[in-house]
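For reference, the structure discussed in these notes is given below.
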Number of protein chains: 2
Amino acid sequence: MSTPNITSVNCESCPIRHRAVCARCNADELVELDAIKYYRTYEAGQTVIWSGDLMGFVGSVVSGVATLTQTMEDGRTQMVGLLLPSDFVGRPGRDGAAYNVVATTDVVMCCFRKKPFEELMERTPHVAQRLLEMTLDELDAAREWMLVLGRKTAREKIASLLSIIVRRDASLASNGIGKNIVFDLPLTREAMADYLGLTLETVSRQMSALKRDDVIKLEGKRHITVPNMERLLSEAGDDGDGGFIG
Amino acid sequence: MSTPNITSVNCESCPIRHRAVCARCNADELVELDAIKYYRTYEAGQTVIWSGDLMGFVGSVVSGVATLTQTMEDGRTQMVGLLLPSDFVGRPGRDGAAYNVVATTDVVMCCFRKKPFEELMERTPHVAQRLLEMTLDELDAAREWMLVLGRKTAREKIASLLSIIVRRDASLASNGIGKNIVFDLPLTREAMADYLGLTLETVSRQMSALKRDDVIKLEGKRHITVPNMERLLSEAGDDGDGGFIG
DNA sequence: CGTCCCAATTGATCTGGGTCAAGGTTAGTC
DNA sequence: GACTAACCTTGACCCAGATCAATTGGGACG
């Protein structure tokens, strides 16, 4: 499909503009979408939106990694979503943000102003359908994650998280079976702990244990090699079908 | 709004037929929906659908309680959804069931054959929009539950579950602040444990502790009185805004 | 080339909830 | 009205992971 009016090559990974729309849109709809589209960048550590704040846009991650977190009054925090490129943020039909959204690396977002986006959605059924598909995928991912949080051991949790990151990292998709998989963790130990319902000390210990047992290789703190993906998956406790996306 | 063609008074709580459709449907659409609608009943304990099986329908719970569960090879199980009346089951656009669906009480479901339902959805945008809204609500609930699973103590988990059941039970909606809230638990201790990522012994101990501390009254094993809802909510760790629906 | 800072590691100890085991309750059923 | 089978409660003990406390490593910057 052709992609007219693209202002950034990175926008290839924007699901609304390209996965949802281009495949089924007519030219008028594309022009209309481009009219309400804009890009924003956030630095690593910057909060994109605070829980409860008014959220005037919806959009998707073009590059970088962001997280959705919930916090209790006493400071306990749980990550409830991991936003990788192509993931959608925001909630058509509701104004307040339900979670904190934080950039954990530098992030580029492709945003649509909410009001006109909602109006477009009313008129173009395939956009609502595409959003429904994406939301159902997210729901599956959240439910998969409930199993991880509720029933897995610390070691299994870490292995699950690493599997998920490998699975989602587009640059790793080309890796054949049996080949080394190499990637950089986009999360600190503390963020990993918040995702998994652990403490950062336990994350660190289990990372060391997986390294000691040759399930992974660690260079520096973030650079990881997985010599045997099957091994990692079996450490995660899900044999075969693997974990979903956060 | 008027409700023509209703074949059962229970179907009042069916969200597709009534919440999604009636409010915005024209007469033709209603007739078409009724043409592909049918009712099924399941006994307590019966499995509605096994994970991985072909699922030829979508639908919603009219009465009773069902659960969505995931199981690991070694038998560890995690409940990932609690289906109360009006909740939707099934996944338009995907054929395999992703979870086990089990009736925990006698259940009446209002079902739509999947293929014609999907075709209807293509033609009538407001049905897809309504499904999107419901799915986003479920996603919020799942994420709320991730906080419970990942960061709350056993006592807080139990209090959270009780809060959610109170919140969802339509018959309790009329209870004013300060009044006793009385209800029957629709779940066994084991099902509660599977929802909360605990063992049934821990559930039992914490129920006893909440009873001892006068947060709840227990008659028999299932009949519960909450003398002070604020107290229960604060035991759940969510002050004010409370938990969502599973 | 030091030194400052923050992320990560590692160790020692503690504890909430798991595990294993022994009753107790209640609702059917004959 | 005793028998059975679920379901639930309670107790004793144990261990995975939390907590508290140093220490290490590595990149940025003067």
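Computed from a predicted structure; not experimentally measured. Throughout, a chain's letter reflects where its sequence line sits, starting with A, and its residues are numbered from 1. For the numbers below, each heavy atom of this structure counts, side chains included, while hydrogens, waters and symmetry mates do not.
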_How many whole angstroms separate atom CD of A:Gln206 from atom P of C:dT9?_
12 Å
*Which residue lies toward the 5' end of DNA chain C, A:Glu190 or A:Arg205, if each is placed at its nearest nucleotide?*
A:Glu190
*Give the rounded distance in Å between these two atoms: CZ of A:Arg222 and C1' of D:dG26.*
13 Å
*Give A:Thr199 one of three labels, base, sugar-phosphate or nothing, depending on what nucleic acid heavy atoms sit under 4.0 Å from its own.*
base
*asked:* Any heavy-atom pair between the side chains of A:Leu83 and A:Leu68 that's under 4.5 Å?
replied: yes
*Using a cut-off of less than 4.0 Å, is there contact between a side-chain N or O of B:Ser208 and OP1 or OP2 of D:dT10?*
yes
*Residue closer to the 5' end of DNA chain C, B:Ala154 versus B:Glu201 (nearest nucleotide)*: B:Ala154
*Rounded to whole angstroms, how far apart are CE on B:Met207 and P on C:dG17?*
16 Å
*At under 4.0 Å between heavy atoms, what does A:Ser204 touch on the DNA or RNA strands: base, sugar-phosphate, or nothing?*
base
*Rounded to the nearest 0.5 Å, what separation is found between the CD1 atom of B:Ile181 and the CG atom of B:Leu162?*
11.0 Å
*asked:* What is the distance, to the nearest angstrom, from the CD atom on A:Glu219 to the C1' atom on C:dT9?
replied: 18 Å
*To the nearest Å, give me how far apart CG (B:Leu198) and C1' (D:dC8) are.*
16 Å
_Under a 3.5 Å cutoff, is there a donor and acceptor pairing between the side chains of B:Asn100 and B:Ser51?_
no
*Check every strand shown and say whether B:Arg155 touches a base, only sugar-phosphate, or nothing at a heavy-atom separation below 4.0 Å.*
nothing
*Starting at atom CG of A:Asp194, determine the distance to atom P of C:dA8, rounded to an integer number of angstrom.*
12 Å
_Any donor-acceptor N or O pair under 3.5 Å, side chains B:Asn180, B:Thr225_ = no
_Please classify the nucleic acid contact of B:Leu200 as base, sugar-phosphate, or nothing, using heavy-atom distances under 4.0 Å._
base
*Could you verify whether a donor N or O on one side chain and an acceptor N or O on the other, from A:Ser160 and A:Ser163, lie under 3.5 Å apart?*
no
*Nearest-Å distance for atom pair NZ/P, residues A:Lys221 and D:dG25*: 9 Å
*Nearest-Å distance for atom pair CZ/C1', residues B:Arg151 and C:dG17*: 16 Å
_Any base atoms under 4.0 Å from B:Gly197, or only sugar-phosphate, or nothing? Heavy atoms, all strands._
sugar-phosphate
